[in-house]
Protein chains: 2
Amino acid sequence: MKRRELDSRKELILKVVTDDYIESAEPVGSRTIARKYNLGLSPATIRNEMADLEESGYLKQPHVSAGRIPSQQGYRYYVDSLMEQQTLAAEELQMIKSYIENWSKEIDTLLQQTVRLLAQITRYPSIMLGPKLRPAVFKHIQLVPLNDYNILVLVVTNTGVIENKIITVDLPVSQGELDRISNQLNRKLRGVTLDNLKSSVLDELKTEIEARNGFIQQAVNLLQKTLETKERARIYLDGVINILEHPEFKEIEKFKPLMGMMEEEEKLYRILTAPSDEQGLRISIGEEIQEEAAQECSVITATYEMGGRVVGTIGVLGPTRMDYGHVVAVVGFMAKYLSKLLSQPE
Amino acid sequence: MKRRELDSRKELILKVVTDDYIESAEPVGSRTIARKYNLGLSPATIRNEMADLEESGYLKQPHVSAGRIPSQQGYRYYVDSLMEQQTLAAEELQMIKSYIENWSKEIDTLLQQTVRLLAQITRYPSIMLGPKLRPAVFKHIQLVPLNDYNILVLVVTNTGVIENKIITVDLPVSQGELDRISNQLNRKLRGVTLDNLKSSVLDELKTEIEARNGFIQQAVNLLQKTLETKERARIYLDGVINILEHPEFKEIEKFKPLMGMMEEEEKLYRILTAPSDEQGLRISIGEEIQEEAAQECSVITATYEMGGRVVGTIGVLGPTRMDYGHVVAVVGFMAKYLSKLLSQPE
DNA sequence: TGTTAGCACTCCCAAACGACGAGTGCTAAT
DNA sequence: ATTAGCACTCGTCGTTTGGGAGTGCTAACA
């Protein structure tokens, strides 16, 4: 898709080396290539080409008498221009189909099941960022008194996501009073996106009711604060165990930093929300991931939508030697599928 | 605490062996013991005693010319009669104290922070079973229409836990109608424990309103079903990475089954809810855990309460060679502390 | 000029080997 | 009953060794 920097024979060799290494996890040598993929070239020729590719940074050697493996730059070229798009295997579609029947209407369960499925199909750890709050449409607010000074604020959106926050008040408020406030807010706010709600509408509302009731105003303030602090959506993670199947992590010391990273929601969040110029699908290789622990990993993510608006991200984490072709297809499909599922009931 | 089956010198040796092995992770030999803990016994005597202890099943040898390590039976004896109860170190108390200030009133966040803290202090993976639904007291129900045929049912309890379920109806119901139903249910049910609610009260309510409104009855039915299927509380897990510090898991193949287990909420649930004759604190060693993958692990759990009733469990998972004395103290303390925190605002 | 065969060389890996040392059980002396 | 002494076992660790895969270079060839 990008400008081609390599002549077609070099491309061919880079592709073959990458494909083979992805499959075998072993450095691949000229002899192997000549034998396995008969390209009509002798090992010596291939050696020369590989030496060139190494010099220009697409391949590297673990040690002098080993075969070549792709460098980060090599993977990048592979991903941009060489990789073959795959389609889903029949049995994978089957797995998805059979999941559908059990797919829950509970948004939380649905998302959980979705990452699990993605991990099962790709055989890599899978991550997901739940629907963002901001583009969601306000559906309902409810104030529930837990005791005299603590009030539970529940906000329901059209995505089915429930946000909750406990607020503390100085003076006890009666149930009836809270109901009145809830009703008033509901009437005013139904159908507004939380996005707008945060800025304009709430302000407007505030001035409007200013004179009438000091307490309502306090409630509005609190609602505003609630929505601000609850910015970050939940992170889902599953299939961590899959990464242990790959030889690059057979030594525990290689795996440990990664495990540490996956236990920090903060870091997963950053990985999933890294800016991208692509539309939807994004591939980050090695150091392109801004994360110390993931220098030898790649991440493939896709955004999913709800009613035409991007609301979240789903992705897969694996070694740089990852089956890009396959994972891209699966992640893309799942994101589309999820979008459909989320948009359909509304 | 239990009947003493061993004479005091054997006990002493078993204790020393276990303590040393817990600390060093190396099989411990007679010479080491004689030198390190001067018991006034020669290596030869100790050897004889150890041979006896092995014969009666408290110790075992990894191979013939290695030192001894405790068997499962040995650990059991150690835990029941030999182990010294420890108290929390000043800096551990400090960690807890400094957490308090940030402790959230959101029940979910609070629980999450608690397992994290437990994992940090013990340096083992920590698990937690969130508050059970059944003993909780009904606080509020709200029916929110998501669209014509789907209604979101929200149930709030005094624990601050929010249960939600989407139900599908055959006929569209208006917002007003739903509000009326919500109100009616709220009036009827406030203060009832979900436990009772499930059986008697709902039935009573059903017959009472039977004649009046066919739809309400349907709602009650659905509420009933909701509470039944939402039986299982959420599982929290953190600090998995800690287990990798221990040499018994330095080979990935040893760790893999454990990782698999920890990704199955089902299995964690079973571990946390294993029946116990103890009051509160429970220690399960090796095969006592009914879980294939955890044969070489131990679990220490404690229950926590809310207003005097046991509502959940918190625990720690580690190798059988675990620092029992320390972990018991910490888990016990945290459970008590959590109970206090959960019971105080109400 | 691009391709290929041949060859010397490098270096990883796995197996074999051999001390070393920690620890044991047994026996005999105290 | 305890202990010193001793022969024996066996895992660990460092060294050695051979084999093999792969390379770069050179020279011949189309």
Side-chain angles (χ1 to χ4, degrees), chain A residues 6-14 16-21 23-71 74 247-248 250-251 254, chain B residues 6-14 16-21 23-71 74 247-248 250-251 254:
Chain A
L6 299 174
D7 66 66
S8 67
R9 196 168 72 183
K10 285 202 171 55
E11 281 195 342
L12 180 60
I13 289 182
L14 177 55
V16 167
V17 168
T18 310
D19 280 339
D20 197 84
Y21 182 61
E23 195 194 319
S24 70
E26 303 281 325
V28 15
S30 54
R31 174 178 224 85
T32 322
I33 294 181
R35 217 180 325 124
K36 209 160 150 190
Y37 315 80
N38 45 336
L39 313 177
L41 295 173
S42 77
T45 312
I46 296 173
R47 268 206 293 285
N48 288 332
E49 294 288 35
M50 292 208 296
D52 288 356
L53 281 169
E54 177 164 7
E55 188 159 16
S56 41
Y58 294 96
L59 293 180
K60 60 183 181 185
Q61 270 180 304
H63 49 263
V64 59
S65 82
R68 302 302 210 292
I69 64 177
S71 66
E248 30 270 272
K250 73 174 192 300
E251 278 163 57
K254 290 285 182 187
Chain B
L6 301 174
D7 66 66
S8 66
R9 196 168 72 184
K10 285 202 172 56
E11 280 195 343
L12 179 60
I13 290 183
L14 177 55
V16 166
V17 169
T18 310
D19 280 338
D20 197 84
Y21 181 59
E23 195 195 320
S24 71
E26 302 283 322
V28 17
S30 55
R31 172 178 226 87
T32 321
I33 293 180
R35 218 182 324 125
K36 208 158 151 190
Y37 315 81
N38 44 336
L39 312 176
L41 296 172
S42 77
T45 313
I46 296 173
R47 268 208 293 285
N48 287 331
E49 295 288 34
M50 292 208 299
D52 289 356
L53 281 167
E54 176 164 7
E55 189 159 14
S56 41
Y58 295 95
L59 293 181
K60 60 182 182 184
Q61 272 180 303
H63 50 264
V64 59
S65 81
R68 303 302 210 292
I69 65 177
S71 67
E248 28 271 273
K250 73 175 193 299
E251 278 163 56
K254 289 285 181 185

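Letters A, B, ... are given to chains in the order of the sequence lines, protein chains preceding strands, and every chain is numbered from 1. We use all heavy atoms of the structure for the numbers below, so side chains are in, but hydrogens, waters and symmetry mates are not.
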Contact letters for nucleotides 13-30 of chain D, in which S counts primed atoms plus P, OP1 and OP2 and B counts the base, heavy atoms under 4.0 Å = --------BSBB------

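Atoms CD (B:E26) and P (C:dA22) sit 12 Å apart, rounded to a whole Å. Whole-Å rounding puts the A:R9 CZ to C:dG2 P distance at 10 Å. One interatomic measurement links the two molecules: CG of A:D7 to C1' of C:dT1, which rounds to 15 Å at whole-angstrom precision. Between the CG atom of B:D20 and the C1' atom of C:dG23 there is a distance of 14 Å, given to the nearest Å. In this structure, B:Y21 places its OH atom 14 Å from P of C:dG23, rounding to the nearest Å. Atoms CG (B:L41) and C1' (D:dA4) sit 15 Å apart, rounded to a whole Å.
Scanning for side-chain hydrogen bond (donor to acceptor under 3.5 Å, both in side chains) contacts around B:S42 gives B:T45, with sequence neighbours left out.
Within 6.0 Å of NZ in A:K254 there are 12 or fewer heavy atoms belonging to other residues, nucleotides or ligands. Annotation: B:K36, atom NZ; neighbour count of heavy atoms from other residues, nucleotides and ligands within 6.0 Å is above 12.
With respect to the salt-bridge test (charged N to carboxylate O, under 4.0 angstrom), the residues A:E54 and A:K60 do not qualify.
Side chains of B:Y37 and B:D20: a donor-acceptor N/O pair is present below 3.5 angstrom, by distance only.
A distance of 13.0 Å separates OG1 of B:T18 from CD of B:E23, quoted to the nearest 0.5 Å.
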